[in-house]
Amino acid sequence: MEKLITRKEAAKLLGISLATLDEARNSGLISYIQYVPNGCVYFTSAGLQEYVAKCTHRAKPMDKRETYRNVRNGKSNL
């Protein structure tokens, strides 16, 4: 059986607040284990990894520019 992770431990591992973790759980973004209604909530390592995968987005390529600086008065230093 996989080790169960508490809410506090899960929030720390993910680098988010308990409120953000609870919101993700209530909205169905992260799976959890709760043995009795209104009881303690636990998470699994696989569930946390699945949540990270759902929240990970690929970076979009930037517009190609000659420089990252703004050119003043239309003069280019290149």
Side-chain angles (χ1 to χ4, degrees):
M1 183 173 180
E2 196 172 355
K3 179 183 178 284
L4 298 179
I5 302 167
T6 65
R7 287 174 59 241
K8 189 174 181 178
E9 291 170 335
K12 186 175 181 179
L13 285 171
L14 294 172
I16 59 176
S17 68
L18 284 172
T20 302
L21 181 66
D22 289 339
E23 181 61 33
R25 181 174 54 90
N26 292 331
S27 63
L29 290 176
I30 189 168
S31 58
Y32 64 96
I33 298 169
Q34 189 173 22
Y35 292 113
V36 294
N38 297 326
C40 293
V41 173
Y42 298 99
F43 301 91
T44 62
S45 177
L48 297 181
Q49 290 174 357
E50 182 182 312
Y51 172 71
V52 170
K54 285 180 188 177
C55 296
T56 302
H57 304 283
R58 290 189 67 132
K60 296 179 183 176
M62 289 183 55
D63 294 334
K64 292 183 180 179
R65 295 184 183 176
E66 293 178 9
T67 180
Y68 65 91
R69 296 175 57 193
N70 292 331
V71 179
R72 295 183 186 172
N73 300 327
K75 296 179 184 176
S76 177
N77 293 335
L78 297 176

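Only a predicted model underlies this, so the values are computations on that prediction, with no experimental measurement involved.
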Worksheet, complete the sentence: Looking only at heavy atoms, the pair that brings Leu21 and Arg7 closest together is CD2-O, 3.3 Å

Worksheet item: Of all heavy-atom pairs between Leu14 and Tyr51, which one has the smallest distance, and what is that distance?
Response: CD1-CD2, 3.9 Å

Fill in: Atom pair OG (Ser17) and NZ (Lys12), whose distance is rounded to the nearest 0.5 Å
15.0 Å

Worksheet item: Which atoms form the tightest heavy-atom contact between Phe43 and Ser31, and what is the distance?
Response: CD2-O, 3.3 Å

Worksheet entry | Distance, nearest 0.5 Å, that separates OH of Tyr32 from CG of Asp22 | 10.5 Å

Worksheet item: Tell me, do Tyr42 and Ile5 make a side-chain contact under 4.5 Å, heavy atoms counted?
Response: no

Worksheet item: Under a single-linkage definition using a 4.5 Å side-chain heavy-atom cutoff for Ile, Leu, Val, Met, Phe, Trp and Tyr, are Leu13 and Val41 assigned to the same hydrophobic cluster?
Response: yes

Discussion item. Testing the basics here: between Glu9 and Leu4, what is the closest heavy-atom pair and its distance to 0.1 Å?
Written reply: OE1-O, 4.3 Å

Worksheet, complete the sentence: Leu18 and Ala11 have their tightest heavy-atom pair at CD2-CB, 3.9 Å

